[in-house]
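Nothing here was measured: the structure is a model prediction, and the numbers come from that model.
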Amino acid sequence: MELTVKDITNLFVFVADTVIENESHLCELDSVVGDGDHGVTMTRGWRAAKEALQNCDGTISEKFTVMGQGLMSNMGGAIGPIFGTLFKTFAKETEGKETLNLEAIMLMFRKGLQRVKLTADVKEGQKTLIDALSPAVSSLAESYVNNLDLKQAFEAAAECAEKGAQSTVDMIAQKGRARFLKEKSLGYRDAGASSMAIIMKAMSDFLKTL
């Protein structure tokens, strides 16, 4: 299976709608160890990304570019640059491509993860969205090696992202406002990791409809 420009558009419109539907849930998660506005921030960014995506008649790469700009410009704090970096990396990695197969998607996610970790100076185990994104990327790579199709690959990646998000319950926050709580941040699930798990699950759910 290969995704066309139309598929990518429909896929991320679905992702945006799913993130927006989870606004209250994400705010509730963030209210324990953060500002309580993560859901609002995500909704604002993904609404802008959705609008930019639907108004762009360009290539796959150009669509990722406008999404990255929309996310970065409309999200506050550290999360905007993180998502902006991720999608702008997707844009760079897909330049000249008219369709995306599992290999191309796996590579763009791998490079995106690398760029985010470098830009945000963050790594696994610090109670951030990386703890959901990193296992999902590893899963995509494993699925590619095992010759799974896109639907199977993203189903597995979504499961790994969810497990990664859940694992943050046992972590002490080292980034963001939650880091000031130190040991008190234990026992609570990270909102950023949860939002990444929601995104990966939405991608999986959409691909099952193709």
Within 6.0 angstrom of [X] [atom1], more than 12 heavy atoms from elsewhere:
X	atom1	result
Lys151	NZ	yes
Phe14	CZ	yes
Glu2	CD	yes
Lys97	NZ	no

Is the side chain of [X] donor-acceptor paired with the backbone N or O of [Y] at a distance under 3.5 Å, no angle test?
X	Y	result
Asn146	Leu148	no
Thr43	Val40	no
Thr94	Ala91	yes
Lys50	Val13	no
Asp7	Thr4	yes
Thr168	Ala165	yes
Asn22	His25	no

Would you say the side-chain atoms of [X] and [Y] include a donor-acceptor pair closer than 3.5 Å?
X	Y	result
Ser204	Glu155	no
Ser61	Glu95	no
Lys88	Thr65	no

* Should Met106 and Met108 be counted in the same cluster of Ile, Leu, Val, Met, Phe, Trp and Tyr side chains packed under 4.5 Å apart? ->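 Yes, one cluster joins them.
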* Asked: Are Val19 and Val66 joined in one hydrophobic group, where the rule is that I, L, V, M, F, W and Y side chains link up if heavy atoms are under 4.5 Å apart?
  -> no
* Taking atom OG of Ser143 and atom CD of Glu103, what is their separation to the nearest 0.5 Å? ->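 It is 13.5 Å, given to the nearest 0.5 Å.
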* Test side-chain contact (heavy atoms from CB on, under 4.5 Å) on Met67 and Phe12 and set out the steps. => CA-CA 9 Å; Met67 286 182 67; Phe12 281 100; 3.6 Å; yes
* So Phe64 and Phe87, would you call those rings parallel, tilted or perpendicular, with 30° and 60° as cut-offs? -> tilted
* Between Phe109 and Phe154, what is the ring plane arrangement, given parallel below 30°, perpendicular above 60°, and tilted in between? ->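 Aromatic pair Phe109/Phe154 classed perpendicular.
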Does this structure show an ion pair linking [X] with [Y], if we count only N-O contacts that are shorter than 4.0 Å?
X	Y	value
Glu162	Arg189	yes
Arg110	Glu93	no
Lys127	Asp131	no

